[in-house]
Number of protein chains: 2
Amino acid sequence: MSEAGPLVLVVEDEPQMRRFLRASLASHGYRLLEAGGAAEALRLASAHPPDLVLLDLGLPDADGIDTTRRLREWTRVPILVISARQREDDKVMALDAGADDYLTKPFGVNELLARMRVALRHAGRALDGTAAEPVFESGELRIDLARREVTRGGAVVHLTPIEYKLLVLLAQNAGKVLTHQQILREVWGPGSTRQTHYVRVYMAELRKKVEADPARPRHIVTEQGVGYRFREG
Amino acid sequence: MSEAGPLVLVVEDEPQMRRFLRASLASHGYRLLEAGGAAEALRLASAHPPDLVLLDLGLPDADGIDTTRRLREWTRVPILVISARQREDDKVMALDAGADDYLTKPFGVNELLARMRVALRHAGRALDGTAAEPVFESGELRIDLARREVTRGGAVVHLTPIEYKLLVLLAQNAGKVLTHQQILREVWGPGSTRQTHYVRVYMAELRKKVEADPARPRHIVTEQGVGYRFREG
DNA sequence: GGCTCCTTTGATACATTCTTGATATGCGGT
DNA sequence: ACCGCATATCAAGAATGTATCAAAGGAGCC
């Protein structure tokens with residue numbers, strides 16, 4: 001218990017609950033990081049990557065489900081949701097958004113600790129050395145997944161939500177060809193009756209913003225008759 | 001939903017609960033394996049390794065906690081415990097024994113399904129890190145199926161959709177002779193009225209791009225009067 | 001309500017790929 | 001060597017796929 005235990009990010013706005021968690025975790029050897037809201041949580045998580053996140057859904061500044069999704073955009077850290085909401089739909093939404101467990105208040109400390117051990121057990125296996133970089137870089141291009149910020153040669157590039165989603169999708173599958181259908185499904189949702197024309201319009205827009213010479217794309221290359229590919233370097 | 005879904009081992013002795021689970025899971029595309037007791041569960045799990053175990057703690061022939069430990073001696077399959085016992089100690093013991101989640105009765109189907117998805121998500125991630133990339137190699141030629149990229153001596157070779165399809169077809173049947181008819185059927189679809197002339201035109205094009213000396217093909221060899229064959233080495 | 005920004009849709013010019021026909025080359029048997 | 005057939009190569013038009021611009025519709029914000 002003298003060594004540095006796992007680092008836990010506690011996201012909770014009620015001071016009482018926070019005190020309780022602080023005391024419970026500290027006495028079991030965990031190191032703590034505390035955030036009172038979603039924005040602070042996201043900032044802290046990217047600045048000091050924790051081993052586990054305890055997330056209260058009832059935050060003052062943002063939806064907890066959305067915060068879960070935001071975290072999942074760039075990290076696989078175990079997320080244990082704590083909430084007063086007992087509705088089944090809330091649980092399903094949180095779990096499907098990327099949470100690993102859902103605990104309803106009131107709960108016992110021992111159950112919390114046991115569920116934390118389960119989460120850390122999973123992480124220990126999966127994250128051995130594969131902790132995903134929160135930043136993707138290729139040539140002059142840089143995508144900060146945690147901050148949702150894209151820069152080209154140091155200058156910030158403003159992207160609309162769809163453009164960003166598209167670029168991240170391409171970058172995370174760098175090297176692989178993504179078909180028009182795959183892209184439509186991932187970006188516009190599975191039930192979209194959209195045409196491949198959409199993809200073209202957005203690719204053109206992305207190239208204008210992200211490529212040094214849009215007419216001679218370095219990264220976003222088209223594979224005729226198939227789809228597109230992100231080329232690194 | 002037509003494909004084979006994940007295989008779930010349901011360990012439950014109450015017939016009513018079992019019927020309920022069977023109906024719920026089957027309608028969501030899961031394949032089922034059922035056991036009424038601990039002994040049968042252990043036997044089935046080793047005979048047909050499931051993707052997930054749903055384990056009721058109240059079994060007639062053995063303790064559920066113990067069953068969890070027995071399973072954990074040789075498998076990391078996700079174990080989702082279902083129990084009527086609400087005591088915190090029971091939860092802690094089950095989780096520490098190796099269970100991945102603990103759900104108390106009564107519970108909603110949707111929560112169960114969501115927690116199953118979480119468990120399968122964890123398992124899937126741990127496993128696919130070891131999956132080898134499907135790459136075909138022969139001599140200087142290299143076909144990366146995942147990236148949809150062909151290289152000859154390290155240099156990328158650009159292929160049109162039909163050329164790529166043709167090359168993959170040949171490579172995947174390396175050594176075997178493919179008749180003109182087979183090739184036409186596979187590449188242009190079964191209802192094609194195309195002539196064998198097509199195949200010739202494309203073979204010539206492929207050789208130009210893929211062979212070091214198109215006039216003396218090393219890989220794409222023609223079998224007079226029959227068809228073509230991919231020769232390795 | 002009027003503003004801005006984003007998304008969707010349509011129109012059009014441009015590029016690649018496919019198909020087709022014409023013609024040359026190779027191969028086996030006599 | 002010659003013939004007949006199968007195969008290879010070339011090139012042009014047709015078909016299909018792609019890039020780009022611009023304007024119409026929507027959503028959210030003072």
Side-chain angles (χ1 to χ4, degrees), chain A residues 62-63 66 148 150 156-167 169-170 177-184 186-189 191-229 231, chain B residues 148 150 156-167 169-170 177-184 186-189 191-231:
Chain A
D63 182 19
D66 214 57
R148 278 190 177 176
V150 177
V156 177
V157 177
H158 174 76
L159 297 182
T160 71
I162 290 189
E163 288 163 3
Y164 179 76
K165 227 173 169 180
L166 198 50
L167 179 61
L169 174 67
L170 285 169
V177 174
L178 294 169
T179 67
H180 300 122
Q181 291 310 312
Q182 284 178 302
I183 294 170
L184 283 171
E186 292 291 331
V187 176
W188 280 273
S192 72
T193 58
R194 309 294 207 288
Q195 303 299 319
T196 66
H197 186 171
Y198 276 54
V199 180
R200 298 212 177 94
V201 172
Y202 275 94
M203 286 294 174
E205 197 59 28
L206 252 189
R207 280 176 178 151
K208 265 202 284 192
K209 294 182 174 182
V210 155
E211 297 277 3
D213 180 1
R216 270 168 218 291
R218 184 174 162 196
H219 298 299
I220 302 173
V221 297
T222 131
E223 294 286 334
Q224 280 252 29
V226 189
Y228 294 85
R229 178 210 310 268
R231 185 175 55 195
Chain B
R148 197 186 181 282
V150 177
V156 180
V157 177
H158 175 77
L159 297 182
T160 71
I162 290 188
E163 289 163 3
Y164 181 78
K165 229 173 169 180
L166 198 51
L167 179 61
L169 175 67
L170 285 169
V177 178
L178 293 168
T179 67
H180 299 123
Q181 290 310 313
Q182 283 179 302
I183 293 169
L184 282 170
E186 292 291 330
V187 177
W188 281 273
S192 73
T193 58
R194 309 293 208 286
Q195 304 299 319
T196 68
H197 184 179
Y198 275 58
V199 180
R200 299 215 174 90
V201 172
Y202 275 96
M203 287 295 174
E205 196 60 29
L206 252 190
R207 280 174 177 152
K208 263 202 288 193
K209 293 183 174 181
V210 155
E211 298 277 4
D213 180 1
R216 272 167 216 290
R218 186 174 161 196
H219 297 298
I220 301 173
V221 298
T222 127
E223 296 286 338
Q224 282 253 11
V226 189
Y228 294 85
R229 179 167 60 90
F230 190 96
R231 184 173 57 194

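Chain A is the first sequence line, chain B the second, and so forth, proteins listed ahead of strands; every chain is numbered from 1. What you see is a predicted model; the values in this text were computed from it and never measured.
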Kindly determine whether B:Lys209 and B:Glu163 satisfy salt bridge (charged side-chain N to carboxylate O under 4.0 Å, His left out), including the steps that lead there. CA-CA 10 Å; B:Lys209 293 183 174 181; B:Glu163 289 163 3; 2.8 Å; yes

Take the protein atom OH of B:Tyr202 and the nucleotide atom P of D:dC10, then report the distance between them rounded to whole Å. 16 Å

Is there side-chain contact between A:Thr222 and A:Arg207, with at least one heavy-atom pair below 4.5 Å? yes

Find the distance A:Gln181:CD to D:dG17:P and express it as a whole number of Å. 12 Å

Rounded to the nearest angstrom, tell me the gap between atom CG in B:Leu166 and atom C1' in C:dT17. 15 Å

Proximal nucleotide (of C:dT8, C:dT19, C:dC6) relative to the B:Ile162 side chain: C:dT19

Has B:Glu223 got more than 12 heavy atoms of other residues, nucleotides or ligands less than 6.0 Å from its CD? yes

A:Met203 atom CE is separated from D:dT18 atom P, nearest whole Å, by 11 Å

With side chains defined as the heavy atoms from C-beta onward, is the minimum distance between B:Val187 and B:Leu169 less than 4.5 Å? yes

Along DNA chain D (nearest heavy atom to each residue), the more 5'-positioned of B:Lys208 and A:Tyr228: B:Lys208

Does A:Trp188 make a side-chain N or O approach to OP1 or OP2 of C:dT7 shorter than 4.0 Å? no

A:Arg207 CZ to D:dC21 C1': how many Å, rounded? 16 Å

Among C:dT7, C:dT17, D:dA8, which is the nearest nucleotide to the side chain of B:Arg200? D:dA8

Could you tell me if the side chain of A:Ile220 sits less than 4.5 Å from the side chain of A:Glu211, heavy atoms only? yes

Assign the ring pair B:Phe230 / B:His219 to parallel, tilted or perpendicular, where the plane angle (0 to 90°) is split at 30° and 60°. parallel

Any side-chain heavy atom of A:Lys165 within less than 4.5 Å of one from A:Ile162? no

Taking only side-chain nitrogens and oxygens of A:Thr196, does any of them come within less than 4.0 Å of OP1 or OP2 of D:dT18? no

Please pick, from D:dT20, C:dT17, D:dA19, the nucleotide with the shortest atom-to-atom distance to any side-chain atom of A:Val201. D:dT20

Which of these nucleotides, C:dA11, C:dC6, C:dC18, is closest to any side-chain atom of A:His197? C:dA11

At a heavy-atom distance below 4.0 Å, what parts of residues 214-226 of chain A sit against DNA chain D? A:Thr222, A:Glu223, A:Gln224, A:Gly225

Which whole-number value in Å describes the distance from A:Lys209 NZ to C:dC5 C1'? 10 Å

